[in-house]
Amino acid sequence: MTTSIDTLSAFVYAADLGSFSAAARRLGKSQSTISEAIANLEIDLGSSLFDRGTRAPTLTPAGRLLLPQARQIMAASQDLRRQAAQLNAGVETRLTIVLSDTFQSRTLESVACRLEERYPLLELECLVGEQEDVLDLILSGRAQLGLVGAMDSYPPDVRHQRQREASELALYAAHRHPLAGMDRIDEQQLDQHRQLRLNTYSDKTPADSGQRQWYAPSYLMLLDMARLGVGWAELPCWLVHSFGGGELKQLDVAGWPKRMPVDLVWAANKPLGAAAGWLLQQLTDGAEQR
């Protein structure tokens with residue numbers, strides 16, 4: 001049995017529109033062509049799909065059972081054609097972005113919705129990383145775009161562009177931590193307590209063994225450690241407000257909170273696909289690329 005997409009289309013449109021003539025108009029074919037296609041489909045399937053004894057053809061029990069499967073095959077065919085068209089237009093099948101916990105962007109949320117509308121068959125993967133980990137993922141080709149807290153310098157094969165939105169970081173400790181009961185805290189008082197510090201997987205800088213410090217590769221993990229009351233941490237304010245559960249207090253320290261610019265990064269020597277290029281363009285704000 002060989003069933004064409006055109007034959008299934010005749011079946012589905014006739015069922016949805018309630019008549020063979022309406023299906024013919026929608027598909028731009030003659031009514032006799034639609035009637036013949038459905039008759040041939042019934043022969044192939046060995047089942048009558050429509051009761052023709054009524055004024056308007058109505059689905060038989062077999063027709064009602066088989067209609068959803070016919071719709072699925074049609075949808076799969078349409079997806080196949082759209083995917084092939086996107087590939088021919090240079091659209092990648094998968095896009096991976098690395099996001100920093102420092103950054104909560106309303107612009108990115110809005111752009112993500114438009115990305116889904118523009119490239120409905122694109123697979124989107126979001127990773128979480130900080131600093132050198134983001135750069136490693138970009139340079140290795142594991143990810144195409146990254147958002148990272150602005151760094152003092154970048155490798156020559158990493159392009160970067162400053163984002164309009166910045167992040168705000170502050171120092172936090174659990175309410176039961178000794179620092180939480182102090183009105184004004186100086187650096188010496190901070191040094192008397194364990195600091196919870198960011199230390200990425202790719203960070204080659206040796207840990208400072210002269211101080212009591214605990215390390216984690218993400219701000220979210222540092223937040224959880226701070227909630228345990230084992231130390232104080234520098235954390236993105238939005239992250240604490242969203243996930244801190246009211247268990248952390250912002251410490252009163254001179255110079256804090258601090259503003260952290262955020263950069264969009266990508267590899268200079270790896271061409272971006274159409275979807276990645278479109279997303280990069282949407283996230284740029286006219287600043288000079290560096």
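The closest donor-acceptor contact from the side chain of Asp133 to the backbone of Tyr201 lies under 3.5 Å. No donor-acceptor pair under 3.5 Å is formed between the side chain of Asp263 and the backbone N or O of Val265. Panel note: side chain Gln250, backbone Ala170; no donor-acceptor pair is recorded below 3.5 Å. Judged by distance alone, the side chain of Arg194 and the main-chain N or O of Val230 form a donor-acceptor pair under 3.5 Å.
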Original post:
Going through the checks in order, is the side chain to side chain contact (heavy atoms under 4.5 Å, CB included) test met by Leu279 and Ile97?
Top reply: CA-CA 10 Å; Leu279 182 58; Ile97 309 172; 3.3 Å; yes
**OP:** Take Gln195 and Leu190 through the test side chain to side chain contact (heavy atoms under 4.5 Å, CB included) and record every step on the way to the result.
**Re:** CA-CA 8 Å; Gln195 181 181 4; Leu190 285 176; over 6 Å; no
Original post:
Under the side chain to side chain contact (heavy atoms under 4.5 Å, CB included) criterion, do Leu124 and Glu116 qualify, and how do the steps go?
Top reply: CA-CA 9 Å; Leu124 179 65; Glu116 193 278 332; over 6 Å; no
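Under the ring-ring contact (aromatic ring centres under 6.0 Å, His included) criterion, His175 pairs with no residue, sequence neighbours left out. Scored by the ring-ring contact (aromatic ring centres under 6.0 Å, His included) test, Phe20 finds Phe50 as partners (sequence neighbours excluded). By the salt bridge (charged side-chain N to carboxylate O under 4.0 Å, His left out) test, Asp252 is found to be paired with Arg184, residues two or more places apart in sequence or in another chain being considered. Take Tyr154 and apply the ring-ring contact (aromatic ring centres under 6.0 Å, His included) test, not counting sequence neighbours, and it matches His160.
Follow the hydrophobic side-chain contacts under 4.5 Å out from Leu220 and you reach Leu228 in the same cluster.
Residues Pro155 and Leu135 have side chains in contact (heavy-atom distance under 4.5 Å, counting atoms from C-beta outward). Gln163 places a side-chain heavy atom less than 4.5 Å from the side chain of Leu283. Side-chain atoms of Thr33 and Leu27, non-hydrogen and from C-beta on, never get closer than 4.5 Å to each other. Using a 4.5 Å heavy-atom threshold, the side chains of Cys237 and Tyr172 count as touching. Residues Trp278 and Leu272 form no side-chain contact, since every pair of their non-hydrogen atoms from C-beta on lies 4.5 Å or further apart. Glu130 is not listed as a side-chain neighbour of Pro217, based on a closest heavy-atom distance of 4.5 Å or more. Looking only at side-chain heavy atoms (C-beta outward), Val134 and Met151 stay at 4.5 Å or farther from each other. Side-chain atoms of Leu223 and Asp101, non-hydrogen and from C-beta on, never get closer than 4.5 Å to each other.
Here the straight-line distance linking atom CD of Glu132 with atom CG of Leu139 works out to 11.5 Å at 0.5 Å rounding. In this structure, CG in Leu41 is found 6.5 Å from CZ in Phe11, a value given to the nearest 0.5 Å. The CG atom of Leu147 lies 8.0 Å from the OG1 atom of Thr102; values are rounded to the nearest 0.5 Å. Of the inter-residue distances, the one linking Leu198 atom CG with Tyr219 atom OH reads 5.0 Å to the nearest 0.5 angstrom. To the nearest 0.5 angstrom, Thr284 atom OG1 is 7.5 Å from Gln282 atom CD. To the nearest 0.5 Å, the span separating CD1 on Ile185 from CG on Leu171 amounts to 8.0 Å.
Nearest heavy-atom pair, Arg64 versus Leu59, reported as atom, atom and distance to 0.1 Å: NH1-O, 3.1 Å. Between Ala275 and Leu115, the shortest heavy-atom distance links the atoms O-CD1, 4.4 Å. Listed here is the closest heavy atom pair of Ala216 and Met225: CB-SD, 3.8 Å. Of all non-hydrogen atoms in Met260 and Gly149, the two that sit nearest each other are SD-CA, 3.6 Å. Residues Ile138 and Ala267 share a closest heavy-atom pair of CG2-N, 3.4 Å. Nearest heavy-atom pair across Leu49 and Glu42 is N-OE2, 2.7 Å.
The stretch residues 233-242 participates, sequence neighbours left out, in no salt bridge (Lys or Arg N to Asp or Glu O under 4.0 Å) pair at all. Among pairs with a residue in residues 137-146, those fulfilling side-chain hydrogen bond (donor to acceptor under 3.5 Å, both in side chains) read Glu125-Arg142, at least two apart in sequence or across chains.
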